[in-house]
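Worth saying up front: this structure is predicted, and the values here are computed from it rather than measured. What you see below is based on every heavy atom in this structure, not just the backbone, and it leaves out hydrogens, waters and symmetry mates.
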Amino acid sequence: MTWIRMVVPQAMTLEQLLQDNGLPHDSAALTNIWGADANRSNHRRQTRPPHQLMAGEIWWVPPPPLPRDAILNTYACTGMEGSTGGVVQAIKDRHGPGANEQLAVPEASFTESYLLGLAFNQPFRNQRTSTPMPSPGEMVRYPTRRVRARTIDVAPSTQLQSSTNQVPTGDGPFEITVELAEAEQVLKVLDVVPEPRTVNAANPDEPVEAHWRPADGKVRFKITIEARAGEVTPTRVVIRVRKPDESVYYTEERTDWTTTGEHTWEWDGFTTPPPAPGSPETGDVDTRVLRGQLTIEVTAMAASGWSVGWLELANRHAKAGWLDVYKHGQSIEGFAYLQFGHANEDEGVWAATLLGSLLAAAVGAGLVAIPMGIDEADGGMSEETAEDYRVALGVTAGIAAGAWLGALIPILMASRLSDDDFNTFKGQIEAGFLIHWLREGRKALQIDGQRYRFQGAVRTSGGHDRIRFALTSNDITGRGCNLVPLVGAVFCPFIPHNPSHNRYVGAHEFGHSLLIEAVDLFWSMHHKGSTDLSSNCRRGAEGFSVPASHDRDLMIYYDSTDHWVYDQMHAAPVDALSWVELAQVTFKAM
């Protein structure tokens, strides 16, 4: 956070200085400012009362917090204002009556020092010393609040009057409108070509082809550039995509847009324009950035000046919100957002599990009871038939209850982990991702003929959604289970003195959520066809033989017990590619 430089106009208290400028002035704010390193030269605690300021002193204070509905606006200086004060006045004029945006701070507090102190005006501020003078076309960013459902009768700029104009983008030669071509569009970072079920367990190193840029893998924008007066046409157009911190994520220059009117711009989410056809992708892509608030900024230039238009985006995940990917050069990083807790107490996981078991039993019983009730209503059910239905109802309910109790009793019998064991287990699961969700060297992913290193990692903060990992002590079987589709949690037992197993089980159980999302529930429950519904390995002709390679599929159970060689278990190429393919983004305007 960049603090604002303030000159004390006359002898006053720090509280008065803050209050006069519309800044927070509670006791916490006073203590924070008075004790800041930037203000130590002005303290003079021995010669004056605390918080008493002297005329002419320079004090640094934090900028006011932005309202929750604040957005960042853009103002293009034309040089006509002649000073920073002129820029401030021109900005105030823009947000008068009739505007659909207004200043986020009170107009009286929107001063030159405030404008220069804003963190996103760092270059603008650093170029100036005693008498700031804006350059023609220079960009200034400032916070505004959007006012919804307000009719625009007259444009707020004092230098532009129009009964049909929207909020002007400065006082340059163009009016620029930026829109999404469709209200919502999905961007696929990677499109996996092969059917996920085509698994070659005997040769996990078999290349799996995929393409970074499928034919429909771009987001389309509609950009309209209109001259405000005369026959002015753009000589150059610059498109920038800005991240929430105002840094530039992507830049593209269009020297071919030399006419006014509507233009279509397509973007694939990468940080650089696409290379020549057939060339490997050289740009980066980061879904942690793309799944957030972005600003599409369009600057149109002409001999008489330039104008700026923008579109604020509020993107979100299109598929698995608990996954992100970052591609840099020939390396791809995958991020899984997890949340760790105790199985029998945190976040009501235990209660949710109990309710889930009761629901399953009720559904099973209902499947029998419904047709029974229909037959009774028709009057066509004999006593023998009714007796058969009652027996079937009891058997179904018993099977459902028994199946669920069989899964729940081990968890019920397990005790709570100590804090030390909990933290140890959590660290082992995080390490397991780095070991088992890793493909590099000869095991690297094949994408468009290029080899890419893939690395999966755990994140416990950020993301849109998180998978809950319920950690418990060792149960009767020592087996973990992924119950995310039913109760929203993965249950993992801690086995002391066996960190290799603990690392493996966390990576494997997470993989079940990936298989469910990428294919379906049964593909996951059958371990890609290698087990029955009870997770028993298929034997004989139906079984999956242990491959000769030391690279064994993390998600497959083999027909020999010696597959428990933990350091040889790695995510299959198709599963690593599915991780990336699931990190899709929905583009939507604010």
Side-chain angles (χ1 to χ4, degrees), residues 66-74 101 120 141 143-146 148 176-192 212-223 238-252 263-274 281 283-298 308-328 332-337 459 461-467 517-518 578-590:
L66 299 183
R68 290 185 62 184
D69 59 347
I71 61 173
L72 288 179
N73 213 329
T74 303
E101 292 177 355
F120 36 81
R141 301 284 279 177
T144 59
R145 283 191 294 186
R146 181 168 293 165
R148 303 186 185 281
I176 303 175
T177 304
V178 186
E179 305 170 276
L180 280 166
E182 293 88 31
E184 289 193 9
Q185 300 179 58
V186 174
L187 175 67
K188 288 186 176 182
V189 174
L190 179 67
D191 198 10
V192 179
W212 276 111
R213 284 198 172 98
D216 60 346
K218 296 184 179 181
V219 180
R220 294 193 306 119
F221 296 85
K222 184 173 68 175
I223 300 173
V238 178
I239 303 171
R240 296 183 180 90
V241 179
R242 295 187 181 273
K243 297 189 286 187
D245 63 0
E246 290 304 295
S247 61
V248 176
Y249 177 79
Y250 175 85
T251 302
E252 180 178 333
H263 301 271
T264 298
W265 178 59
E266 295 183 336
W267 184 45
D268 55 19
F270 284 75
T271 59
T272 58
E281 175 56 62
D284 296 347
V285 66
D286 191 345
T287 60
R288 292 170 298 180
V289 173
L290 298 180
R291 288 171 159 184
Q293 294 187 359
L294 299 176
T295 301
I296 309 297
E297 185 179 271
V298 179
V308 181
W310 61 91
L311 173 67
E312 302 283 348
L313 297 175
N315 294 343
R316 62 180 186 273
H317 64 276
K319 281 209 169 182
W322 34 270
L323 292 176
D324 268 319
V325 295
Y326 171 55
K327 181 258 180 193
H328 176 67
I332 305 170
E333 294 180 77
F335 300 97
Y337 297 102
R459 292 288 182 271
S461 62
H464 302 274
D465 300 311
R466 286 187 242 171
I467 295 180
E517 195 75 23
S578 294
W579 184 321
V580 184
E581 194 274 339
L582 288 173
Q584 299 180 14
V585 183
T586 295
F587 275 67
K588 182 179 176 60
M590 289 185 66

Distance check, rounded to the nearest 0.5 Å: [X] atom [atom1] versus [Y] atom [atom2]?
X    : Y    : atom1 : atom2 : answer
R291 : R316 : CZ    : CZ    : 11.5 Å
L290 : W267 : CG    : CH2   : 5.0 Å
F587 : N315 : CZ    : CG    : 4.5 Å
E517 : W579 : CD    : CH2   : 13.5 Å
L313 : F221 : CG    : CZ    : 5.5 Å
E581 : K319 : CD    : NZ    : 5.0 Å

**Request:** Would you please test I223 and I239 for side-chain contact (heavy atoms from CB on, under 4.5 Å) and show each step?
**Result:** CA-CA 10 Å; I223 300 173; I239 303 171; 4.2 Å; yes
side-chain contact (heavy atoms from CB on, under 4.5 Å) with [X]: which residues, sequence neighbours excluded?
X    : value
S461 : none
A181 : Q185, R220
T295 : R141, R242, W310, E312
R459 : F335, Y337, A457

Work out which heavy atom in [X] is nearest to a heavy atom in [Y]; give both atom names and the distance.
X    : Y    : value
V580 : V325 : CA-CG1, 3.7 Å
Y249 : D284 : OH-O, 3.9 Å
A583 : L323 : CB-O, 4.5 Å
L180 : A589 : CD1-N, 3.6 Å
G269 : V285 : O-CG2, 3.4 Å
I176 : V298 : CD1-O, 3.7 Å

**Item:** Working for side-chain hydrogen bond (donor to acceptor under 3.5 Å, both in side chains), residues W265 and E252
**Value:** CA-CA 10 Å; W265 178 59; E252 180 178 333; 3.0 Å; yes
**Prompt:** Residues two or more places apart in sequence or in another chain: which of them pass side chain to side chain donor-acceptor pair (under 3.5 Å) with H464?
**Reply:**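 Side chain to side chain donor-acceptor pair (under 3.5 Å) check on H464 returns nothing, list empty.
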**Message:** Going by the rule side chain to side chain donor-acceptor pair (under 3.5 Å), which residues pair with R240 if we only count those two or more places apart in sequence or in a different chain?
**Reply:**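 Partners of R240 under the side chain to side chain donor-acceptor pair (under 3.5 Å) test: none.
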**Heavy-atom donor-acceptor pair, T271 side chain to G283 backbone, under 3.5 Å** =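 No, because the side chain of T271 does not come within donor-acceptor range (under 3.5 Å) of the backbone of G283.
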**Request:** Please check if the side chain of K222 supplies one atom and the backbone of E182 the other of a donor-acceptor pair under 3.5 Å.
**Result:**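 A pair under 3.5 Å: no.
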**Message:** Any salt bridge linking E333 with R288? Criterion: basic side-chain nitrogen under 4.0 Å from a carboxylate oxygen.
**Reply:**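 Answer for the salt bridge query: no.
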**Message:** Are the side chains of H317 and D465 in contact, using a 4.5 Å heavy-atom criterion?
**Reply:**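 Of all side-chain heavy-atom pairs linking H317 with D465, at least one is under 4.5 Å.
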